[in-house]
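Below: the structure, in structure tokens.
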Protein chains: 2
Amino acid sequence: MNRIKDIAKKANVSAGTVDRVIHNRGGVSEKTRVKILKIIEENNYTVNPIASILASKKKFTIATLLPRATSNNDFWQSPKEGVIASADEIHSLGIDVLHFEFDQFRPESYIEAFYKLLESDPSAVLLAPVLHKETIEIIHLLDQKKIPYVTINAETEGLNNLSYIGQNSYKGGYLAGKLMNWVLPPNATILIVEIRKNIDNHKAITNRIKGFKAYFDEHKKKKSIQHITIDQLDNENFVNQSLATFLEEYPQTKGIFVPSSKAHHIAKSIQILKRKDIEIGGFDTTPQNIDFLKNEHIDFLISQKPYQQGYEGIKLLFNYLIHKKEPLKNYFLPIEIVLKENVDYH
Amino acid sequence: MNRIKDIAKKANVSAGTVDRVIHNRGGVSEKTRVKILKIIEENNYTVNPIASILASKKKFTIATLLPRATSNNDFWQSPKEGVIASADEIHSLGIDVLHFEFDQFRPESYIEAFYKLLESDPSAVLLAPVLHKETIEIIHLLDQKKIPYVTINAETEGLNNLSYIGQNSYKGGYLAGKLMNWVLPPNATILIVEIRKNIDNHKAITNRIKGFKAYFDEHKKKKSIQHITIDQLDNENFVNQSLATFLEEYPQTKGIFVPSSKAHHIAKSIQILKRKDIEIGGFDTTPQNIDFLKNEHIDFLISQKPYQQGYEGIKLLFNYLIHKKEPLKNYFLPIEIVLKENVDYH
DNA sequence: GTTTTTTTCGTGTACGTACACGAAATTAAT
DNA sequence: ATTAATTTCGTGTACGTACACGAAAAAAAC
């Protein structure tokens, strides 16, 4: 038996007093406080979290702020699923998780969702700061209210976030470089396809490209690396045209690196152009990407483990709120290589 | 409010009666039983596990039966760490996890540990049935006592296990085949190095080899694949000799596949023999293997995610015992590719 | 020394469920 | 109809902690 009662008896005080000491609620003389702490120490007593949660009326709520998944194919579906799975596990432990979503291409919807989130007065927040500028502008409201927050997916500097959970984008690109080098013959030309213009917020993509190039630099593989940017991804003809034009100009192109989750668009065009000799590598195992991985028009994908970002993020906040467990500042998730041969166990 | 009391009130019975229905403890007329079940359904009431655990005196214990890790470098260190981490998380929820270990090369120690485990009268068991024959002989004692058990790491047929958690070895070998093919020039000879003779229990290794060869068969890559078996791994000279002899006979050898966790021994010899042109692939990210991965004498490793095997195994049993959540029969963990470039985030 | 203020701490109830005990209701036996 | 046997169910207490309330003790003010 090692209950609050037992500690109390050993200290010749009541359970209430011990409780006050444990929770730093004051109203206890320094003398008895020290005595009780010593006895707690000696008996290495710890509160029974089960009883504690039951007795405590205070309900914790964690709010999440993530881009809305526009379809089941969307990248953002996965973090959401991870969040929900984690939330389910801790729901019975008195934690509620509220979801707030925004349109990642409409900054104003981000701000709007953020304010709604604030109104819910959460105990903690999980957010994906993909809109960098806006995040910097409003994040101080969380600091001000002393609401702890964890960021996922987008590494962002200058935040007082409790932790970041996600991938090291540079290393992800670097690994992509290695894989691309593996699958390509010597002296091939590589094309890097960027998708949107002026996306100041997608630092991750920039870092991936840096990492990708760094691999070739460091290994003295003198490959020609070209860039194009394709804006109108939804316009299939436009994509085909852009690629066809490029490939005419650079016939030695044997590899295409897509540093975003949109490799499947490129793979589709390459399929239409009947260029079986071109290897494609990209990021994120969305259903569409997986389709092209399976039919061998995409050679490799690198997963950011988005599900885990959501899952671990919620779990971390739970441990912080309930068990007062101080997390690390950064949790870099494994950089997972997904090929046709292992995608099914992914 | 959705408490047992509320359900009781709606059904015009007392909380005790509802409790009896929930736990199938009998002593309730069919009529009221059905009524209560209906009301529970309608209000989708679920017991509060917190209060339930607190009120329940019954303590669950999960026993584990795993090979002893002979050093921190040992493969079996990881599942153990996963088990411990998972056990820590649920300890406060009233679950104790007891560890039983054996020497995987002494079957009698396995039997001995098994009987000790039985004496502890666990609520459930997690075991790695690496000793196949012995497992088949004694596992019925668990069935007999109706103790549910989960197996990890070694896929074994003919067991009444609740679940299996581990890798699909065949697919692991198949993937290794693809990677080996990527890194090798055409027309290279490949050597498969088996480590111990007569290990009837390591079905996984056999399956990996099958998968490995299947890749080359299916892709019509006419590579010459040779085998050797090296017994005395600890005898470094012997290993060097064996490899040197083989390489003399087959000078075209450019790749070595080690379908076990012992690739580092081979890598060391190849390093000594100064054959930088030979690529090595193996399994399991033990510290020693990682060392050779980092110094580029091993090209790739495939991880079985041993930590997750332990972690998820305990978690699954917890959910089964406490939340009565029926698990799937098989949980095949991701087949993770580990290269020098992503090993640090592993 | 008395009263007032402040500090310190003990008591009691609540959290939601589990389960023992025994009372009430129903059914069976006479 | 009475008693006995059986079924059905209500009550009460326990699990260990949190926290409000207010009493007792100590300190301060007069």
Side-chain angles (χ1 to χ4, degrees), chain A residues 1-40 43-60 90-96 123 321-324, chain B residues 1-40 43-60 90-96 123 321-324:
Chain A
M1 286 298 107
N2 211 2
R3 303 160 301 176
I4 209 170
K5 253 191 195 171
D6 305 308
I7 299 298
K9 191 179 285 176
K10 283 173 186 155
N12 284 319
V13 293
S14 77
T17 304
V18 176
D19 182 73
R20 270 184 286 265
V21 170
I22 291 170
H23 295 92
N24 290 312
R25 280 196 280 123
V28 180
S29 69
E30 188 56 22
K31 207 178 67 186
T32 53
R33 205 183 73 86
V34 169
K35 181 167 71 174
I36 289 172
L37 282 177
K38 193 173 150 225
I39 292 175
I40 286 177
N43 298 57
N44 49 42
Y45 163 84
T46 51
V47 291
N48 178 331
I50 295 294
S52 177
I53 291 166
L54 183 61
S56 167
K57 294 138 205 300
K58 70 163 166 279
K59 291 282 168 212
F60 287 106
I90 61 178
H91 180 70
S92 57
L93 302 169
I95 320 288
D96 279 330
S123 323
L321 291 173
I322 301 291
H323 298 129
K324 304 199 188 307
Chain B
M1 285 297 107
N2 212 2
R3 304 162 298 175
I4 209 168
K5 254 191 195 172
D6 305 307
I7 299 298
K9 191 179 286 176
K10 283 174 186 156
N12 283 320
V13 295
S14 77
T17 304
V18 176
D19 183 74
R20 270 183 288 262
V21 170
I22 291 170
H23 296 92
N24 290 312
R25 280 196 279 122
V28 180
S29 70
E30 188 56 20
K31 207 179 66 183
T32 55
R33 203 183 74 87
V34 168
K35 181 168 71 175
I36 290 171
L37 282 177
K38 194 174 148 225
I39 292 175
I40 286 177
N43 299 55
N44 49 43
Y45 163 85
T46 52
V47 292
N48 178 330
I50 294 295
S52 176
I53 290 165
L54 184 60
S56 167
K57 294 133 205 302
K58 71 164 164 278
K59 289 278 166 218
F60 286 107
I90 62 178
H91 180 69
S92 57
L93 301 171
I95 320 286
D96 280 330
S123 323
L321 292 174
I322 301 291
H323 297 129
K324 304 199 188 309

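Side-chain atoms are counted along with the backbone in the values below, which use heavy atoms only and exclude waters and symmetry mates. Order of the sequence lines sets the chain letters (A, B, ...), proteins ahead of strands, with each chain counted from 1.
The NZ atom of A:Lys35 sits 12.5 Å away from the CD1 atom of A:Ile7 when rounded to the nearest 0.5 Å. Between atom CD1 of residue A:Ile53 and atom CG of residue B:Leu54 there is a gap of 10.5 Å, rounded to the nearest 0.5 Å.
Contact annotation: the side chain of B:Arg33 approaches that of B:Leu37 to within less than 4.5 Å [non-hydrogen atoms, C-beta and beyond]. Put simply, the side chain of A:Asp96 does not reach to within 4.5 Å of the side chain of A:Phe60, judged on heavy atoms. In this structure, the side chains of B:Ile22 and B:Ile40 come closer than 4.5 Å at one or more pairs of heavy atoms. Proximity of A:Ile322 to A:Ile90: side-chain heavy atoms (C-beta onward) are nowhere separated by under 4.5 Å.
With the nearest nucleotide of DNA chain D identified for both A:Ser56 and B:Val13, B:Val13 has the one nearer the 5' end. Ranked by how close their nearest DNA chain C nucleotide is to the 5' end, A:Ser29 and B:His23 are led by A:Ser29. Map B:Arg33 and A:Ala15 each onto its nearest nucleotide of DNA chain D; the residue landing nearer the 5' end is B:Arg33.
Sequence neighbours left out, the pairs with a member in residues 7-24 of chain B that pass salt bridge (charged side-chain N to carboxylate O under 4.0 Å, His left out) are B:Asp19-B:Arg25.
Closest of all the heavy-atom pairs between B:Ser14 and B:Ala8 is C-CB, 3.5 Å.
The C1' atoms of five pairs define one axis at each end of the helix from C:dG1-D:dC30 to C:dT30-D:dA1, and these two axes lie 50° apart (to 10°).
Among the heavy atoms of the strands lying under 4.0 Å from B:Asp19 is at least one base atom, whether or not backbone atoms are also near. Residue B:Asn12 is classed as a sugar-phosphate contact, given heavy-atom separations below 4.0 Å to backbone atoms only. No engagement by A:Asn2 is indicated, since no non-hydrogen atom pair under 4.0 Å with the nucleic acid exists.
From the 5' end on, the contacts that DNA chain D makes with chain B at under 4.0 Å to a non-hydrogen atom open and close at D:dT8 to D:dG16.
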